[in-house]
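Everything on this sheet refers to the single structure shown next.
As a basis for the values below, the full set of heavy atoms in this structure was taken, side chains included, without hydrogen atoms, waters or symmetry mates. Below, read A as the first sequence line, B as the second, and so on, with proteins coming before strands; counting in each chain starts at 1.
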Number of protein chains: 2
Amino acid sequence: MLSLRAMSGYELRQAIESSIGNFWSESFGQIYPTLKRLERDGFVSADEGGRAGSKVYSLTESGRERLGRWLEVMPQPQVPRNELLLKLFFGNLLPPERLSEQVAGWRRGLVAELTLYQARAAELSKRMAGRPGLPFWLMTLRHGELRTKALIEWCDETLAQLEAMARLKDESVFEEVTR
Amino acid sequence: MLSLRAMSGYELRQAIESSIGNFWSESFGQIYPTLKRLERDGFVSADEGGRAGSKVYSLTESGRERLGRWLEVMPQPQVPRNELLLKLFFGNLLPPERLSEQVAGWRRGLVAELTLYQARAAELSKRMAGRPGLPFWLMTLRHGELRTKALIEWCDETLAQLEAMARLKDESVFEEVTR
DNA sequence: TCCGTCATGTAAATGGTTACATGATTCG
DNA sequence: CGAATCATGTAACCATTTACATGACGGA
């Protein structure tokens with residue numbers, strides 16, 4: 001983030017939240033100690049900020065070089081954790097309606113996410129036109145868009161199946177009663 | 001996992017790896033202390049295993065009830081972390097070819113994942129036919145399939161864009177030389 | 001003057017992996 | 001008999017969040 005512009009720790013967090021918040025996040029408890037460590041190691045330098053006690057950090061040459069080397073390293077796939085899927089895996093221990101609620105709730109979140117991606121892409125294209133980073137920023141948004149669309153599709157498919165299961169269960173109860 | 005059958009800590013890990021490994025994982029360093037804690041709290045009980053010193057854990061009634069209550073709680077969305085996207089975000093600091101390599105590498109991993117999902121779904125449907133959990137297990141695999149397909153699509157789109165960028169850069173170099 | 005935001009930081013707790021140590025059993 | 005696998009466990013370390021404490025500054 002400091003490669004884009006010099007910032008305080010506080011601004012850093014806002015910048016992270018508003019630009020890469022969809023796929024990365026950091027808390028103050030991470031940011032401040034890390035800035036100190038980076039300063040100690042000469043990767044960033046601290047200057048007096050506008051107000052008393054505040055500091056503005058900027059990337060040093062050494063830091064920029066280090067960033068470049070880090071960017072070149074292929075990231076290894078991380079272990080995913082998805083609590084909804086974990087619960088769904090044990091779905092037969094729960095009435096289908098309960099599961100439907102959870103999937104539906106998740107779907108609502110995804111739809112909100114999706115509209116956010118699309119709005120942000122439109123806004124960025126205007127506000128940041130000509131900036132060298134723009135194509136890459138749009139790529140990350142597009143990733144979110146495609147991913148979210150696929151997951152919404154999955155929710156719809158899954159909800160339909162769960163509903164069919166619930167209907168089947170009701171029918172068998174009906175048969176039991178009429179038999 | 002113990003709701004499916006009684007297991008040792010070692011088997012537990014294998015079971016996790018082979019069934020929900022796509023969206024969850026646990027290490028021995030987590031498993032063994034957790035089993036002790038669960039036994040202390042009465043959620044699981046330990047019996048003598050087949051070999052000396054080994055224990056087979058099973059879920060108690062209290063544990064099954066607790067599991068049921070946990071299943072009902074809606075999971076809150078977790079903060080995602082995607083290192084590839086993080087690097088892509090700062091893509092203008094790197095030659096496009098370097099980025100292409102990374103995206104292509106990721107794509108290879110995704111393709112392998114996808115074939116695994118499809119193979120597993122076919123195998124499960126046969127081997128576990130009639131089991132009450134089967135529909136839910138297939139749902140989690142279907143999630144992986146749709147998600148992975150979307151991400152492969154994104155990779156293709158992104159690779160095309162990166163290539164176009166690289167071509168554009170080469171052209172402008174060519175112009176500089178011929179001018 | 002008081003509230004909201006800007007701003008920095010630390011301590012405690014949590015969650016999780018990795019490395020290490022140890023030993024039983026099985027199979028070729 | 002040696003290697004692979006089954007099996008349990010602990011200690012160190014790393015990453016991360018949350019809660020807390022503190023205070024500056026600007027504007028209503």
Side-chain angles (χ1 to χ4, degrees), chain A residues 1-2 5-41 43-58 70 73 75-87, chain B residues 1-2 5-41 43-58 70 73 75-87:
Chain A
M1 282 294 138
L2 294 181
R5 61 180 180 87
M7 268 181 271
S8 71
Y10 190 88
E11 288 176 295
L12 210 37
R13 212 215 172 178
Q14 292 180 323
I16 290 171
E17 196 83 345
S18 68
S19 62
I20 59 177
N22 318 303
F23 53 83
W24 207 269
S25 82
E26 297 293 348
S27 61
F28 286 131
Q30 283 282 89
I31 290 173
Y32 287 117
T34 302
L35 281 172
K36 282 207 163 170
R37 190 168 56 75
L38 289 174
E39 192 189 1
R40 190 201 57 194
D41 296 348
F43 297 127
V44 306
S45 64
D47 299 289
E48 273 289 303
R51 55 172 74 193
S54 86
K55 298 171 209 163
V56 172
Y57 290 91
S58 42
W70 175 78
V73 178
Q76 62 231 35
Q78 56 250 288
V79 185
R81 289 215 157 167
N82 189 324
E83 197 180 323
L84 180 72
L85 288 186
L86 186 55
K87 288 181 172 170
Chain B
M1 281 294 139
L2 295 181
R5 62 181 180 86
M7 271 181 267
S8 70
Y10 191 87
E11 288 176 295
L12 209 37
R13 212 215 171 177
Q14 293 180 324
I16 290 170
E17 197 82 347
S18 68
S19 62
I20 59 176
N22 317 303
F23 52 85
W24 206 270
S25 84
E26 297 293 348
S27 62
F28 286 133
Q30 283 283 88
I31 290 173
Y32 287 117
T34 302
L35 281 171
K36 283 207 161 170
R37 192 167 55 76
L38 290 173
E39 192 189 0
R40 191 202 54 194
D41 296 348
F43 297 127
V44 307
S45 65
D47 299 290
E48 273 290 301
R51 57 171 70 192
S54 86
K55 298 170 209 165
V56 172
Y57 290 92
S58 42
W70 175 77
V73 178
Q76 63 233 33
Q78 56 250 290
V79 184
R81 289 216 158 166
N82 190 323
E83 197 180 322
L84 180 72
L85 289 187
L86 186 55
K87 287 180 173 169

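The CD-P distance, from A:Glu17 to C:dC6, rounds to 13 Å in whole Å. Atom-to-atom, CD of A:Gln30 to P of C:dG15 comes out at 16 Å; the value is rounded to the nearest Å. If you take OH of A:Tyr57 and P of C:dC6, they are 18 Å apart, rounded to a whole angstrom. We find that CD of A:Gln14 is positioned 9 Å from C1' of C:dT5, with the value rounded to whole Å. In this structure, CD of B:Glu11 is placed 16 Å from P of C:dT25, rounded to the nearest angstrom. Nucleotide C:dG16 holds its P atom 15 Å from the CG atom of B:Leu35, rounded to whole Å. The CG atom of A:Leu12 sits 12 Å away from the P atom of C:dA7 (whole-angstrom rounding).
Contact check for A:Leu2 versus A:Met7: side-chain heavy atoms found under the 4.5 Å cut-off. Between B:Lys87 and A:Trp70 there is a side-chain heavy-atom pair separated by less than 4.5 Å.
Between A:Lys55 and A:Glu39 there is no salt bridge, since no side-chain N of the basic residue sits under 4.0 Å from a carboxylate O of the acidic one. One finds a salt bridge joining B:Arg81 and A:Glu26 here, because a Lys/Arg side-chain nitrogen approaches an Asp/Glu carboxylate oxygen to under 4.0 Å.
Of the residues in residues 21-29 of chain A, A:Ser25, A:Ser27, A:Gly29 come within less than 4.0 Å of DNA chain D through at least one heavy atom, sorted by number.
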Any chance you could lay out the side chain to side chain contact (heavy atoms under 4.5 Å, CB included) test for B:Arg5 and B:Glu11, step after step, and finish with the verdict?
CA-CA 10 Å; B:Arg5 62 181 180 86; B:Glu11 288 176 295; 3.8 Å; yes

Start with the C-alpha distance between A:Tyr32 and A:Leu12, add both sets of side-chain angles, then the distance that settles side chain to side chain contact (heavy atoms under 4.5 Å, CB included), and finish with yes or no.
CA-CA 10 Å; A:Tyr32 287 117; A:Leu12 210 37; over 6 Å; no

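Checking A:Pro33 against A:Ser54, the closest nucleotide of DNA chain C that is more toward the 5' end is the one next to A:Ser54. When the nearest nucleotides of DNA chain D are assigned to B:Val56 and A:Gly50 by heavy-atom distance, the more 5′-ward of the two goes with B:Val56.
Nearest heavy-atom pair across B:Leu35 and B:Gly9 is CD1-CA, 3.8 Å.
A close approach under 4.0 Å does occur between a side-chain nitrogen or oxygen of A:Arg81 and OP1 or OP2 of C:dG16.
To the nearest 0.5 Å, atoms CD (B:Gln14) and OG (B:Ser19) are separated by 11.0 Å. Going from atom OG of A:Ser8 over to atom CD1 of A:Ile31 covers 9.5 Å, rounded to the nearest 0.5 Å.
You can see that DNA chain D meets the heavy atoms of chain B within a 4.0 Å-exclusive cut from D:dC6 to D:dT16, reading 5' to 3'.
For C:dA24, the base has a donor-acceptor partner in the side chain of B:Arg51 [N/O atoms by modelled type, under 3.5 angstrom].
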